[in-house]
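Each residue takes its place number in the sequence, starting with 1. Worth saying up front: this structure is predicted, and the values here are computed from it rather than measured.
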Amino acid sequence: MSGEAQKLFIGGEWVEPDRGHYEVINPATEEVVGLAPEASVEQAHAAAEAASKAFESWSQSTPEQRAAILDRAADLLFKGGDLPALAAAESGATPQTAMMMHVGTAYARFKRYAKGALEPVESALPPSIAPATALSKAGVFGSLVIRQPVGVVTCITSYNNPLANTAGKIAPAIAMGNTCVVKPAPQDPLAVYRLANALEEAGLPKGVLNIVTGSAPDVGVATVESPFVDMVSFTGSTQVGMKIAEAAGRGMKRQLMELGGKGACVVFDDADIPAAVAGIGTVWSFYSGQICTAPTRVIVQRGAYQQLVAGLEAYAKALKVGNPADEGVVVGPVISAVQRGRVEDLVAQGKAEGAHLVVGGERPDFDKGFFVAPTLFTEATNEMSIAREEFFGPVVTVIPFDDEEEGVKIANDSDYGLISYVFSADSERAFRVARRLRSGGVGVNTVGRNMEAPFGGFKKSGVGRDGGSYGLHAYSEIQSLVWQG
């Protein structure tokens with residue numbers, strides 16, 4: 001890793017920030033990883049203007065040109081070096097997670113949308129026979145539907161997987177012929193600049209990608225409100241997303257919002273309990289629960305309740321907590337002291353509201369780092385704060401239910417609807433219940449994902465869908481050409 005102060009990337013140039021730099025902290029050690037640039041509002045506007053100037057020529061580039069650049073950039077990103085170590089240090093991920101889920105997923109998304117750039121963007125509709133009107137003669141009308149790029153896209157990304165999240169926005173946007181302004185989360189933005197290095201070396205024209213960072217909210221606000229911006233793609237909390245949507249709505253900017261989640265995991269008494277435990281256990285074992293799709297709200301039928309709780313307790317107690325760089329560590333820190341405090345406050349609310357704390361709930365005894373012990377609550381009700389608010393930390397809440405109707409009712413009683421899960425040996429029931437859940441996606445006997453499937457949420461979990469070809473559609477406008485034959 002380099003100790004040099006990072007520069008901004010605006011209009012194809014590496015630019016000194018107007019406001020200096022701020023420290024990026026390793027959440028496991030509280031040591032300084034590097035210095036991130038503090039952009040000014042004026043520099044944020046300059047980035048949007050640079051993207052606007054680049055749009056005309058880039059939108060007219062050929063799909064083959066866009067595909068070749070993304071493909072080369074993927075290879076450059078994955079060629080080695082210290083990127084996995086940097087991603088791990090600034091985000092608090094384990095080395096395995098940093099390599100596979102941060103760098104590996106960013107690589108995969110660049111490769112996927114290198115192919116995606118070549119997908120058809122035109123489709124013909126069946127001819128329509130129309131009678132004479134005041135507008136035209138009777139005749140047969142043809143129509144061609146074309147997907148066109150939106151324009152300048154502001155991409156505001158999350159801290160829990162900054163490389164993959166950013167790649168998942170800019171790769172389909174660029175593949176469709178858009179230009180981008182990226183505003184990474186302030187906690188861990190350094191690795192994101194490596195995407196610019198790779199794309200620049202791969203031949204991306206100046207201004208197509210711009211990256212500005214800052215610890216103050218005014219930089220992000222500027223990237224949303226700039227008159228040069230046509231679309232905002234945001235991943236983060238529902239509270240922040242609502243503010244962004246309000247600002248974007250004033251300018252009628254297109255929006256793609258991937259927001260909070262409180263994943264319901266409905267476990268029936270005939271379920272494969274070890275499989276359910278392993279899936280739910282990823283709340284603790286994968287990035288300390290800092291993932292919007294985590295199955296944190298477990299709704300289990302009473303016939304399987306004791307067995308599931310016992311399995312989850314044993315699972316949590318077996319996990320090693322500590323510095324992710326150390327051998328055998330599975331559970332690392334949350335991203336910051338602020339986030340740790342928020343998780344601890346919700347844990348305290350759970351105790352106060354009468355939920356039973358089975359394991360965890362305390363701060364691990366380390367001199368440094370923002371750690372939260374894997375925590376399990378049982379005997380909860382769906383009205384409790386721990387069942388309604390997103391922790392974004394290693395906490396699981398278990399709620400019992402009696403029959404299918406009650407289980408579905410509890411699962412759907414939430415402000416969120418991103419990803420839910422159903423575990424049952426009865427496939428007909430599992431799929432029947434899955435269809436009734438008000439979530440953008442439902443995992444049936446799995447917490448895995450099909451990366452080609454559309455991804456997004458119902459209710460306050462977001463607006464729009466990305467993933468696979470849906471990601472290309474998200475960053476496009478539909479145009480129709482009509483003629484009389």
Side-chain angles (χ1 to χ4, degrees), residues 51-52 54-67 70 112-155 168-180 208 227-234 245 248-258 417 431 434-436 438-442 450-459 461-485:
S52 180
F55 174 71
E56 180 64 30
S57 60
W58 181 246
S59 65
Q60 298 303 310
S61 62
T62 67
E64 290 76 15
Q65 289 171 321
R66 300 196 291 270
L70 286 168
R112 168 61 180 88
Y113 290 109
K115 296 178 181 178
L118 304 176
E119 291 183 21
V121 295
E122 299 181 356
S123 59
L125 296 179
S128 173
I129 301 174
T133 70
L135 298 176
S136 65
K137 299 177 181 179
V140 178
F141 289 80
S143 182
L144 184 67
V145 178
I146 305 172
R147 288 196 173 274
Q148 298 279 17
V150 179
V152 176
V153 182
T154 285
C155 302
K169 295 180 185 298
I170 65 173
I174 288 172
M176 278 301 305
N178 299 283
T179 58
C180 298
V208 175
F228 295 107
V229 171
D230 302 289
M231 176 179 173
V232 179
S233 176
F234 171 71
R250 287 194 294 269
M252 293 302 294
K253 302 176 193 291
R254 303 299 180 259
Q255 297 175 37
L256 177 61
M257 298 280 180
E258 194 261 282
F431 280 90
R435 288 187 177 96
R436 294 182 65 190
R438 299 295 296 165
S439 294
V442 181
N450 179 337
M451 301 309 290
E452 290 297 306
F455 181 77
F458 288 10
K459 298 184 276 190
S461 285
V463 177
R465 299 291 185 272
D466 61 7
S469 296
Y470 297 92
L472 298 165
H473 301 169
Y475 296 97
S476 68
E477 293 272 30
I478 294 179
Q479 179 186 62
S480 61
L481 305 184
V482 176
W483 64 93
Q484 187 170 2

- Look at atom CZ of F431 and say whether more than 12 heavy atoms of other residues, nucleotides or ligands are closer to it than 6.0 Å. no
- Note on the structure: Here the gap from S469 atom OG to Y113 atom OH, rounded to the nearest 0.5 Å, amounts to 7.5 Å
- What are the two closest non-hydrogen atoms of A67 and A114, and how far apart are they? CB-O, 3.0 Å
- Note on the structure: Closest non-hydrogen contact found for P63 with A117 is CB-O, 3.1 Å
- Correct closest heavy-atom pair for A245 and Q255 would be CB-OE1, 3.2 Å
- Item | Closest heavy-atom pair and its distance - D230, G151 | OD2-CA, 3.4 Å
- Between the CD atom in E258 and the CZ atom in F455, the distance rounded to the nearest 0.5 Å is 4.0 Å
- Message: Tell me if a side-chain donor or acceptor on R465 pairs with a main-chain N or O of V463 at a distance below 3.5 Å.
- Response: no
- Sidechain-backbone polar pair: S439 side chain, V442 backbone, donor-acceptor under 3.5 Å: no
- Would you call E119 and R66 a salt bridge, using N to O less than 4.0 angstrom? no
- To the nearest 0.5 Å, tell me how far Y475 OH sits from K169 NZ. 4.5 Å
- Message: Testing the basics here: between G417 and S461, what is the closest heavy-atom pair and its distance to 0.1 Å?
- Response: N-OG, 2.8 Å
- Message: Can you tell me how far apart OG1 (T154) and CG (L256) are? Round to the nearest 0.5 Å.
- Response: 12.5 Å
- Task: Count the heavy atoms of every other residue, nucleotide or ligand shown that sit under 6.0 Å from CZ of R250, and state whether that count exceeds 12.
- Result: yes
- Residue pair E477 / R254, side-chain heavy-atom distance below 4.5 Å: yes
- Query: How far apart are the closest heavy atoms of T179 and S52, and which atoms are they?
  - Reply: OG1-N, 4.4 Å
- Message: Test your reading of the model: is there a side-chain donor-acceptor pair from N178 to the backbone of V152, 3.5 Å cut-off?
- Response: no
- Query: Is there a side-chain contact between F141 and S136 (heavy atoms, below 4.5 Å)?
  - Reply: yes
- Note on the structure: The reported gap from NZ in K115 to CG in L472 (rounded to nearest 0.5 angstrom) is 13.0 Å
- Message: Using 0.5 Å steps for rounding, measure from the CD1 atom of I170 to the CG atom of L70.
- Response: 8.0 Å
- Item | Steps toward side chain to side chain contact (heavy atoms under 4.5 Å, CB included) verdict (R147, I478) | CA-CA 5 Å; R147 288 196 173 274; I478 294 179; 3.7 Å; yes
- Message: If you count every heavy atom of other residues, nucleotides or ligands that lies below 6.0 Å from Y470 atom OH, does the total exceed 12?
- Response: no
